[in-house]
Amino acid sequence: MLNNTKTFLADLWVLTKPFWWSEERWAARGLLAVIVALNLGLVYVNVLINQWNNDFYNTLQQMDKDGFFHQLLRFSGLAAAYIVIAVYQLYLNQMLQIRWRRWLTGRYLADWIGARVYYRLQLTDRGTDNPDQRIADDLAGFCDRTLNLTLGFLSSLVTLLSFISILWTLSGTMSFTLNGAHIDIPGYMVWVALAYSLGGTLLIHFIGRPLIGLNFNQQKFEANFRFSLVRFRENAEAIALYAGEAAETRRLMHGFGDVVSNWWAIMKRQKTLMWFRSGYNQVALIFPFLVAAPRYFSKSIQLGGLMQTASAFGQVQDALSWFVNAYTQIAEWKATVDRLIGFRNASHRAQEEAQSGAGVAAASAESVEVVARDVRIDLPQGQPLLAPLNLVLKPGESVLVTGPSGAGKSTMFRAFAGIWPFGQGTVFMPRGARVLFLPQKPYLTIGSLREQLCYPATVGKVDDDEQRSVLEQCGLGHLAHRLDEEQHWAQQLSGGEQQRVAFARALVQKPDWLFMDEATSALDEASESQLYRLLGSKLPRLTVISIGHRSSLGQFHQRRLAIRSDENGVRRLISGIDQTLPGGHATEDFAQ
């Protein structure tokens, strides 16, 4: 248990420290100092209210009418001060929370997106589930619970220190005889409160400890279910065409079953916890009167003293019981910290791998050619996918890459793009060259149509007339008047229209090198021919490298490369292959 606590505190420090030593540290520390001061102010007002209890109930006991109204006026002032301090303490606390969350979100997004960590994690680290949920939900929960639990603990500590001396003085000395020995216990109510709270804390920890793991799993299952619903929505048309509603319902309900079964486990554990905590808190209401009653009935204290003693005992007991009352939040907090530290560590591992140069490296060179030098492409599990190759692509030429499905054509393009982390070798791109990769399924953002044409650059570099002209030329004239319309275009447009948008994107951005991975697979041959001819006429200096299966693509390319297996079953990239040869084999011109 001690080792687990040390590990948790170390993880917590790793997550917490960066913000408080960041460029926002002075504003954050200033806000925190004000919030702590307000917390201390609340404790001080509680001390004054405790003293007021004595005076007020003594006034009632003495039938002092004028004193009664004076004490009500005094209480009004204390209550007003408490309300003002509490309101601003909450307001500034929330202000600090959102500043902290904003900073953490920026940092985690940078770590996740930078060095293409998001892509590496998707390929290699299956243990890092639902990064979107960790950034969106876990960071918010972390900031909220870290501040509230820390400030709550500080408030309880100051309350304990403030009221324990009051309770010590009020409780006096308990004297009794045991086996003929006279025993005096000074400040006996302090020891009673300590024993009561310590016993409750140990029991609550024993009962509630399983909640930490259960809350961790609940967050995971909820995120998985939410992600499944998003996937269902994004693939609605394909599911409808397959008539897959029943299968999807079964899959979704199976995922929701994990949510429900884990929730039942949480319910049962929290029910047990609630039995104990409710009984503990209810007994705490009457317990101080029971302990202090002998002094009251012996007339050692007046009614006001009894009420002040009970109030002070309650404050001390509440402070000592902070762990008991906050246990559920602590369990959720621990689960959140575990998820965030796991995500952080996985992101940093991926960054280190990227910086170490593991995998196929992408580099810039003064050459005007694209050069692949000793490039070997592997699968994520380490098996070789493509034999080592050396390849030179010259500017202005057009190259068609063919091969059977699953041979590694798309993976080779990923390596040329510098995003494939498995293998070795280097791909050199001309320094300063504008390179654009068009995947088979174009990525369309949720935004305006002009944003789709300019992506990933910002809008404004191309005038509207040119964008409308490009849309017309690409067979999207019916969209030319919708440049400023914001839509979920991936759901609005057919597969063929989306690929036409990708060609329009290339014409707008005018790259020097264009890599296309079956970028016309959803188009008919006539449309495919029209778009390839359009590229040739509008961008005469463009170098095009295409992946495709159709024989009709051959007329638009000067050079052919094919991925084939040699006599040993090793996949190789072959240059100058004659597609009509039986089996597609050739022994000449291996690109190696």
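Note that the numbering runs from 1 along the sequence shown for the chain.
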Checklist entry - Looking at R349 and E352, does any basic side-chain N land under 4.0 Å from a carboxylate oxygen? => result no

Item to check | Polar contact flag, side-chain donor to acceptor under 3.5 angstrom, D374-Q424 | outcome: no

Next on the checklist: Distance check, rounded to the nearest 0.5 Å: W20 atom CH2 versus T16 atom OG1?
Outcome noted: 9.0 Å

Next on the checklist: Can you confirm whether the side chains of Q97 and N93 place a donor and an acceptor under 3.5 Å from each other?
Outcome noted: yes

Next on the checklist: Within the structure provided, determine whether F416 and V375 are in side-chain contact (heavy-atom separation under 4.5 Å).
Outcome noted: no

Checklist entry - Can a cation-pi geometry be assigned to R29 and W26, taking NZ or CZ under 6.0 Å from the six-membered ring centre and within 45° of the ring axis? => result yes

Checklist entry - Do D258 and N262 have side-chain atoms, one donor and one acceptor, less than 3.5 Å apart? => result no

Checklist entry - Would S410 and E518 count as having a side-chain donor-acceptor pair, cut-off 3.5 Å? => result no

Checklist entry - Regarding R344 and S347, is there a side-chain donor-to-acceptor distance under 3.5 Å anywhere? => result no

Checklist entry - Any side-chain donor-acceptor pair under 3.5 Å between W103 and E23? => result yes

Next on the checklist: Does this structure show an ion pair linking R226 with D137, if we count only N-O contacts that are shorter than 4.0 Å?
Outcome noted: yes

Checklist entry - Does the separation of the ring centres of F221 and W263 fall below 6.0 angstrom? => result no

